[in-house]
Amino acid sequence: EVQLVESGGGLVQAGGSLRLSCAVSGITVNDYNIGWFRQAPGKEREGVTCASMRLHTTLYTDSVKGRFTISRVDDMNKVALQMNNLKPEDTAIYYCNARDGYEAFWGQGTQVTVSS
């Protein structure tokens, strides 16, 4: 069974930082594209970042470039999202996603709230 479990969300003031983690089991992160999505209240889910750990490539949506960083955690089957200089508009439920050309898996999400 494939599982993606996010953690690390919480409440932070604007300008602060949070580090989200996505623990993956049942698949190997090197074999999939791993991404983070978010969904704010009343809005559609949007892609935040995506990475190929095998190819060492990353993509970020413009609104988080220079502030967010996706990385693999210490050769573990875990991916982190470091979020710095957080803004109120970053408030959302953040979801971890793993996909290849055939299937996609989602975590249950973790809430990030940024106060002004």
Nearest-0.5 Å distance that lies between atom CH2 in W106 and atom CZ in R99: 8.0 Å

Return the CD1 to CZ distance between I34 and F105, rounded to the nearest 0.5 Å. 10.0 Å

Please name all residues satisfying salt bridge (charged side-chain N to carboxylate O under 4.0 Å, His left out) with R67, sequence neighbours left out, ordered by chain then number. D90

Which atoms form the tightest heavy-atom contact between [X] and [Y], and what is the distance?
X	Y	result
S17	N84	OG-OD1, 2.9 Å
G8	L18	O-CD2, 3.8 Å
M53	S71	CE-C, 4.2 Å
N97	A104	ND2-CB, 4.2 Å

Under 3.5 Å donor-acceptor pairs involving side-chain atoms of residues 22-33, not counting sequence neighbours:
| residue | atom | partner | partner atom | Å |
| --- | --- | --- | --- | --- |
| N30 | OD1 | R72 | NH1 | 2.9 |
| D31 | OD1 | R54 | NH2 | 2.4 |
| Y32 | OH | E103 | OE2 | 2.6 |

With sequence neighbours left out, which residue pairs that include part of residues 105-116 fulfil the salt bridge (charged side-chain N to carboxylate O under 4.0 Å, His left out) condition? none

Tell me whether I93 is reachable from L20 by hopping between hydrophobic residues (I, L, V, M, F, W, Y) whose side-chain heavy atoms are closer than 4.5 Å. no

Any heavy-atom pair between the side chains of [Y] and [X] that's under 4.5 Å?
X	Y	result
R19	V73	yes
W36	M83	no
E6	Y94	no
T49	F68	no

Not counting sequence neighbours, list each pair that qualifies as a disulfide bond (SG atoms under 2.5 Å apart) and has a residue in residues 26-90. none

Mind listing the side-chain donor-acceptor pairs of residues 109-116 below 3.5 Å, one per line with the distance, residues two or more places apart or on another chain?
| residue | atom | partner | partner atom | Å |
| --- | --- | --- | --- | --- |
| T110 | OG1 | G9 | N | 3.2 |
| Q111 | NE2 | A92 | O | 3.4 |
| Q111 | NE2 | T113 | OG1 | 3.3 |

For residues 56-64, dump all side-chain donor-acceptor pairs below 3.5 Å to protein atoms at least two apart in sequence or in another chain.
| residue | atom | partner | partner atom | Å |
| --- | --- | --- | --- | --- |
| Y60 | OH | I70 | N | 3.0 |
| D62 | OD1 | K65 | NZ | 3.0 |
| S63 | OG | R38 | NH2 | 3.4 |

